[in-house]
Amino acid sequence: MASIICDTNVWYNIAYGNFYKSDWDGHQLVGTYNSLDELMRSDKYLDPRKLPIIRKALLACGGNHSFIYPWNPYVYALKLDNPDFKVDLPFDKALLNSLNYTETRKYQTLMLMIL
């Protein structure tokens, strides 16, 4: 079965009713760290009237994906170069912090509150 690697727009289009299960019949939808991170950091959180569409997009991902690649792409790339790479060193943590890697937990908590 072929896979469709989904960006955020796919989840929003499912949420808005513009992309139906029949449209991807015979394919599996695959979520990514980036698309979930983008949904969790959306500026739509600033407008309470837009929270329902974010919720629908998150539920669209949760209910329709076959698999989610949960890896931060930066860490994944580092692990390709060095399979033993761990985010343990102070330099690595500082670099990832500068990329807002650790802030994801705050947005994950917010996402769970919305759902």
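What you are looking at is a predicted structure, and each value in this text was computed from that prediction instead of being measured. Along the sequence shown, residues are numbered consecutively beginning with 1.
Considering SG of Cys6 and CG of Asn64, their distance stands at 9.0 Å, rounded to 0.5 Å. Taking CD1 of Ile4 as the reference point, atom NE2 of His27 lies at 5.0 Å (rounded to 0.5 Å). Taken to the nearest 0.5 Å, the NZ atom of Lys56 stands 13.5 Å off from the CD1 atom of Ile14.
The shortest side-chain heavy-atom distance between Trp11 and Leu29 falls under the 4.5 Å cut-off. The shortest distance between side-chain heavy atoms of Met40 and Leu36 falls below 4.5 Å. Side chains of Val10 and Trp24 form no contact here, defined as non-hydrogen atoms less than 4.5 Å apart.
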**Request:** Dump the intermediate steps for side-chain contact (heavy atoms from CB on, under 4.5 Å) on Ile54 and Tyr12, then the final yes or no.
**Result:** CA-CA 8 Å; Ile54 296 172; Tyr12 276 119; 4.0 Å; yes
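Counting all heavy atoms, side chain and backbone alike, His65 lies closest to Gly31 at CB-N, 4.4 Å. A pairwise comparison of heavy atoms in Met1 and Gly26 identifies CG-O, 3.3 Å as the closest pair. Pairing each heavy atom of Ala15 with each of Ala60, the nearest pair is N-CB, 4.2 Å.
Take Asp25 and apply the side-chain contact (heavy atoms from CB on, under 4.5 Å) test, not counting sequence neighbours, and it matches no residue. In this structure, the side chain to side chain donor-acceptor pair (under 3.5 Å) partners of Asp47, at least two apart in sequence or on a different chain, are Arg49. With sequence neighbours excluded, no residue forms a side chain to side chain donor-acceptor pair (under 3.5 Å) with Asp7. Checked against side-chain contact (heavy atoms from CB on, under 4.5 Å), Phe67 has the following partners two or more places apart in sequence or in another chain: Val30, Tyr69, Trp71. The side-chain contact (heavy atoms from CB on, under 4.5 Å) check on Thr32 picks up Ile5, Asn34, Ser35, with sequence neighbours excluded. Residues forming a side chain to side chain donor-acceptor pair (under 3.5 Å) with Ser66 (at least two apart in sequence, or on another chain): none.
Around atom NZ of Lys50, no more than 12 heavy atoms belonging to other residues, nucleotides or ligands sit under 6.0 Å away.
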